[in-house]
Amino acid sequence: MKYDYNQIEPKWQKYWEENQTFKASEDKSKPKYYVLDMFPYPSGAGLHVGHPLGYIASDIYTRYKRAKGFNVLHPMGFDAFGLPAEQYAIQTGQHPAITTENNIKTFKDQFNKIGFSFDWSRQVETCDPKYYKWTQWAFIKMFESWYDKEHNKARPITDLVAAFESHGNSSINASCAETKSFTGDEWKRFSEKEKQTILLNYRIAFLADTTVNWCPALGTVLANDEVKDGVSERGGHPVEQKVMRQWSLRISAYAQRLLDGLETIDWSESIKEQQRNWIGKSVGAEVAFDVKDNDLKFEIFTTRPDTMFGVTFMVLAPESDFVSKVTTEGQKAHVDAYLEIVKKKTDRDRLADVKNITGVFTGAYCVHPFTGKEIPIWIGDYVLGGYGTGAIMAVPAHDSRDYAFAKHFNIPIIEVVSGGDISEESYDAKEGKLINSGFLDGLEVKKAIAKMNDEVEKRGLGKKKTNYRLRDAIFARQRYWGEPLPVYFKDDLPYTLKMNQLPLELPEVDAYLPTEDGDPPLARAEGWEYELSTMPGFAGSSAYYIRYMDPHNEKALASKEAMDYWKDVDLYVGGSEHATGHLIYSRFWNKFLFDLGFSPVKEPFKKLVNQGMIQGRSNFVYRKKGTNTFVSAGLKDQHDTTELHVDVNIVDNDFLDMEAFKKWLPEYKDAEFITEEVDGEQKYKCTFATEKMSKSKWNVVNPDLICTRYGADTLRLYEMFLGPIEQAKPWNTNGIEGVHRFLKKFWGMFYDQEDKYLVTEDEPNAEELKVLHKTIKKASEDMENFSFNTTVSAFMIALNELPKGCHKKAILEPLTILLAPFAPHQAEELWSALGHKESVTFSSWPVFEEKYLVESTYKYPVSFNGKMRYLLDLDINMSKDEIEKAVLEHSDSQKYLDGKTIKKVIIVPKKIVNIVVG
RNA sequence: GCCCAGGUGGUGAAAUUGGUAGACACGCUAGACUUAGGAUCUAGUGCCUUUGGUGUGGAGGUUCAAGUCCUCUCCUGGGCACCA
């Protein structure tokens with residue numbers, strides 16, 4: 001029998017489906033293991049070969065873990081709410097649910113063709129009301145909770161109300177915007193509206209006037225991680241800052257815990273670092289300066305209190321309320337003019353203008369608390385309103401931005417930390433001794449910071465303070481295709497629905513566009529009396545890993561039993577592009593559920609593996625300008641040509657299939673070619689480049705095509721063979737023959753050309769056993785390290801090393817099990833050929849035995865004066881003297897001794913013999 | 001500017017963590033076989049001036065021994081970016 005993958009693969013896919021081979025249940029007799037993939041957004045374009053990389057890796061690991069005796073949960077679902085389906089709906093009027101459903105079907109078909117071992121009985125879709133009921137539920141829980149900084153956890157809002165009733169808010173240490181204090185009696189006298197307004201400030205899901213990223217082109221607000229370089233991540237539309245009343249989640253309350261949690265999980269350092277950056281912890285002090293001739297206190301945040309004596313000016317953010325309070329009559333006109341200019345700038349302009357220094361003097365002065373000197377207060381757009389206090393003390397000698405500002409406006413610069421040269425640039429390093437700083441003189445920076453902090457607190461000027469860059473997450477989009485927020489309004493205040501009213505289903509609308517008044521699309525729905533915004537994209541993906549544990553539960557997100565069994569995700573595989581989005585939101589969401597007792601673990605994803613992106617390998621042809629003649633790459637410089645993308649599917653090894661090219665697009669029907677001679681043949685050579693895989697670049701390779709031509713097993717093996725899983729790499733079909741050949745060879749060990757079954761019951765010999773156990777050892781170790789490319793190599797080496805004509809069952813059977821995670825279809829077929837009735841999935845991973853691998857001799861490199869000369873087979877148990885003797889007896893030794901005497905013999909067991917002569 | 005990864009043949013990449021650099025595969029070269037298939041098999045393939053020399057981006061250093069450790073430096077990819 002020929003290796004007929006096109007017949008084998010559908011056969012086993014059907015078998016797995018019919019026998020529900022991969023269905024997981026809470027089997028308490030086995031240890032659990034949870035392997036999760038980041039579920040895909042089902043886009044209309046279907047899968048390209050880059051998508052399955054991570055899924056193949058996780059599937060291989062899943063199958064391996066099953067063989068190792070684990071009860072593995074390996075589910076799949078779809079992140080189905082999102083912009084593309086909605087944009088498509090706007091254009092065509094087709095309901096996004098229909099588009100989404102079709103796309104999901106395509107995705108599932110493609111997945112199944114690759115032979116993934118998903119437990120489809122647990123499939124979830126975020127747009128399914130039965131699913132988003134629990135997204136809405138979590139939102140309501142957040143609405144009904146506040147963050148207690150005292151106990152460092154979320155607590156029910158009812159606790160807070162009870163506390164307010166008994167003693168007001170003075171002793172409450174909560175994450176909130178409210179600063180006004182009230183007593184218990186005052187609270188009781190507040191009207192319902194006043195009470196609710198106050199409570200809204202404390203809720204973890206809250207509605208407030210917030211500065212948001214508004215994207216006019218998309219007609220919606222965006223979260224910080226959805227904005228890159230001042231434009232929207234999707235579509236690249238400009239984004240502006242705007243104050244709007246919006247729903248937010250108080251993720252900032254969790255900043256420290258999100259930071260601490262990183263220490264406990266097995267993620268790559270680069271993702272952890274990205275999250276640390278995003279959270280942006282900085283430890284410093286808040287200090288209040290007196291404003292001259294005024295009762296006002298000018299509050300600033302600094303991480304360098306040690307440089308206090310170097311302050312020569314203060315800077316306010318343009319958007320600070322303080323601006324109007326301190327500006328003098330004389331400067332008012334200048335200040336207003338400046339604010340007008342700043343206001344017109346979008347975020348983008350501000351980013352682009354970083355080097356342009358702008359600012360204006362307010363006319364007011366602070367009084368330096370230690371020197372008593374007057375310090376001018378400026379306004380500058382390099383200070384941000386939303387961070388710290390929106391104001392800084394400027395130390396030009398030791399901060400590059402302050403330095404640039406001071407130079408530009410001719411403000412004095414005072415050096416207070418020695419060690420640098422401040423004539424050309426500031427000295428920002430936290431190293432050196434303090435000078436010109438009164439009581440700090442002579443101290444090292446670190447000690448000076450501590451001393452200044454003490455002094456500031458002693459004099460009541462301020463206190464130590466930690467700031468985080470992490471902002472609360474805007475939790476609303478003015479869009480149709482998302483989860484409705486389960487909220488209605490009474491007296492202009494929000495209230496959430498009761499549990500029995502969930503899910504609040506997405507209503508039908510006549511068009512998916514905003515109304516003429518500029519309200520979100522939900523305003524078009526008849527009789528809709530709820531919140532008009534929907535939830536953002538990250539809502540549905542924040543707790544889906546919990547839902548998989550118990551996906552059909554109608555009473556809870558998941559039952560306690562299911563959660564206590566599966567607990568957390570042991571291995572999470574997905575792209576690193578979610579580092580500051582989904583992976584932060586999900587951790588936050590889980591911590592919130594943990595606080596309320598709905599999640600049993602502090603961190604949801606124990607180990608994270610980020611598969612590298614597979615880029616496209618684009619091919620180009622060169623058209624002579626104004627003609628339909630194409631010039632081969634080697635000759636293109638002799639003509640005036642235009643570079644054009646060509647479909648990579650009609651290019652083989654960079655040589656263009658010219659006939660296929662003529663048929664490719666109608667305009668090339670009569671194309672002519674100027675070819676070049678390659679190996680005696682006239683060929684058309686294309687150039688290539690590595691780019692992102694996309695339709696417009698004609699470099700998309702469809703996995704279905706590979707499956708048809710080589711089989712899914714080859715695709716799986718090849719994608720793993722391409723290189724380390726975490727590395728980004730271009731797709732190149734050139735090497736696929738190699739792994740395909742390997743599969744054919746392995747098949748050939750079971751069947752010959754005439755379909756004769758060759759496997760025998762013969763006893764294997766020592767050499768064969770050695771090869772087998774070497775392979776088991778290598779494969780087992782590599783599997784644990786996710787080094788799948790070297791595992792594939794190990795298989796190939798095994799086949800090369802096995803003696804010709806080895807068809808012994810005792811060798812082939814364990815090899816089949818090793819191969820099964822990679823090439824499951826072929827493994828199943830061969831497994832059943834070996835006489836097994838059950839799926840290879842239920843076989844157990846072979847154990848290697850050291851005894852087959854032990855060698856009695858070891859090849860010792862023998863070196864003279866450090867120079868490697870020859871290899872010598874020595875018994876590993878030889879004594880030092882015996883080794884020395886053996887070396888001297890070797891015929892080459894005298895040659896290298898060259899009449900000199902041996903001074904020293906260094907023997908590193910199992911490593912090397914080094915002779916020092918002289 | 002700051003932070004994180006990486007730099008090894010024509011190509012994708014290995015290297016038991018300091019011990020024969022380039023496993024495995026692609027490609028290429030030569031040959032065999034053939035009912036000519038995009039098949040299979042055999043041998044060779046880092047580079048050079050080839051009985052030898054040299055070689056892991058570059059320059060130093062530690063060591064009997066360095067792709068691996070240390071110092072400096074140059075590139076490439078990714079992230080953050082007026083965060084005080």
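In what follows, every chain begins at residue 1, and chains take the letters A, B, ... in the order their sequences are listed.
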d([atom1], [X]; [atom2], [N]) in whole Å:
X	N	atom1	atom2	value
I614(A)	rA13(B)	CD1	P	11 Å
H740(A)	rC24(B)	NE2	P	21 Å
Q274(A)	rA81(B)	CD	C1'	13 Å
Y718(A)	rC24(B)	OH	C1'	13 Å
E577(A)	rG79(B)	CD	P	10 Å
L583(A)	rC80(B)	CG	C1'	17 Å
M720(A)	rA14(B)	CE	P	13 Å
L470(A)	rC80(B)	CG	P	14 Å

Answer with base, sugar-phosphate or nothing: what part of the nucleic acid does [X] contact at a heavy-atom distance below 4.0 Å?
X	result
K745(A)	sugar-phosphate
P730(A)	nothing
R276(A)	nothing
N800(A)	sugar-phosphate

Handout entry: Greater than 12 external heavy atoms within 6.0 Å of E784(A)'s CD
Key =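 Correct, the count exceeds 12.
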Exercise for the section: For rG9(B), decide between syn and anti, treating a glycosidic angle within 90° of 0 as syn. Expected result: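 Judged by the O4'-C1' to base torsion, rG9(B) sits in syn, the angle falling within 90° of 0.
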Exercise for the section: Starting from the 5' end of RNA chain B, give me the residue, G390(A) or V739(A), whose nearest nucleotide shows up first. Expected result: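 By nearest-heavy-atom nucleotide position, the 5'-most residue is V739(A).
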Which nucleotide in the list [options] gets nearest to the side chain of [X]?
X	options	value
T302(A)	rU40(B), rA23(B), rA84(B)	rA84(B)
N734(A)	rC26(B), rC82(B), rA84(B)	rC26(B)
K744(A)	rU40(B), rA84(B), rC80(B)	rU40(B)
S282(A)	rA84(B), rA81(B), rU40(B)	rA84(B)

Practice task
Decide yes or no on side chain to side chain contact (heavy atoms under 4.5 Å, CB included) for Q611(A) and Q727(A), but give the supporting numbers first.
Solution key: CA-CA 7 Å; Q611(A) 86 276 20; Q727(A) 206 163 88; over 6 Å; no
Problem - Stems where RNA chain B pairs, listed by first number, each of three or more Watson-Crick or G-U pairs under 3.5 Å - result: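 Stem list for RNA chain B: B:1-7 with B:74-80, B:10-12 with B:24-26, B:27-32 with B:40-45, B:46-48 with B:52-54, B:57-61 with B:69-73.
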Using the side-chain contact (heavy atoms from CB on, under 4.5 Å) criterion, which residues pair with [X]? Sequence neighbours excluded.
X	answer
D782(A)	K778(A), S787(A), T790(A), T791(A)
V648(A)	N619(A), N699(A), V701(A)
N467(A)	S282(A), F301(A), Y387(A), K465(A)

Practice task
Just grab all the salt bridge (Lys or Arg N to Asp or Glu O under 4.0 Å) pairs involving residues 734-746 of chain A, residues at least two apart or on different chains.
Solution key: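 Listed by first then second residue: nothing to list.
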Practice task
Report yes if a side-chain nitrogen or oxygen of Y382(A) is closer than 4.0 Å to either non-bridging phosphate oxygen (OP1 or OP2) of rA84(B); otherwise report no.
Solution key: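 It does not, given that no N or O in the side chain of Y382(A) lies less than 4.0 Å from OP1 or OP2 of rA84(B).
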Practice task
Examine rU40(B): is either OP1 or OP2 under 4.0 Å from a nitrogen or oxygen in the side chain of R741(A)? Give yes or no.
Solution key: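 Result: yes.
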Give me the distances for all protein-to-nucleotides 36-38 of chain B N/O pairs that come in under 3.5 Å?
unit_1	atom_1	unit_2	atom_2	d
rG38(B)	N1	R709(A)	NH2	2.9
rG38(B)	N2	R709(A)	NH2	2.7

Run the ring pair (Phe, Tyr, Trp, His ring centres under 6.0 Å) test against [X] and tell me which residues pass, sequence neighbours left out.
X	result
F848(A)	none
Y585(A)	F538(A)
H773(A)	Y852(A)
F289(A)	none

If we take the [atom1] atom in both [N] and [M], what is their distance in whole Å?
N	M	atom1	result
rU8(B)	rU56(B)	P	12 Å
rU54(B)	rC80(B)	P	47 Å
rU51(B)	rU40(B)	P	38 Å

Handout entry: Nucleic acid contacts - residues 775-790 of chain A versus RNA chain B, non-hydrogen atoms under 4.0 Å
Key =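 Per residue number, the list reads N789(A), T790(A).
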Exercise for the section: Give me the ring orientation class for F746(A) and F742(A): parallel if the planes are under 30° apart, tilted from 30 to 60°, perpendicular past 60°. Expected result: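 Parallel: the ring planes of F746(A) and F742(A) meet at under 30°.
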For nucleotides 3-11 of chain B, print each protein N/O atom paired with a nucleotide N/O atom at under 3.5 Å, atom names and distance only.
unit_1	atom_1	unit_2	atom_2	d
rC3(B)	O2'	E273(A)	OE2	3.3

Practice task
State whether the side chain of S780(A) and the backbone N or O of I776(A) hold a donor-acceptor pair below 3.5 Å, judged by distance alone.
Solution key: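 Yes; at least one donor-acceptor contact below 3.5 Å.
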Practice task
Begin with the C-alpha distance, continue with both residues' side-chain angles, and end with the deciding distance and a verdict on side chain to side chain donor-acceptor pair (under 3.5 Å) for K729(A) and Q615(A).
Solution key: CA-CA 6 Å; K729(A) 55 219 151 208; Q615(A) 295 132 311; over 6 Å; no
Problem - Nearest atoms (heavy-atom pairs only) where Y338(A) meets V360(A) - result: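 Answer, listing the atom of Y338(A) first, then V360(A): CD2-CG1, 3.6 Å.
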Practice task
Give the minimum heavy-atom separation between L470(A) and I251(A), together with the two atoms involved.
Solution key: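 L470(A) and I251(A) have their closest heavy atoms at CD2-O, 3.9 Å.
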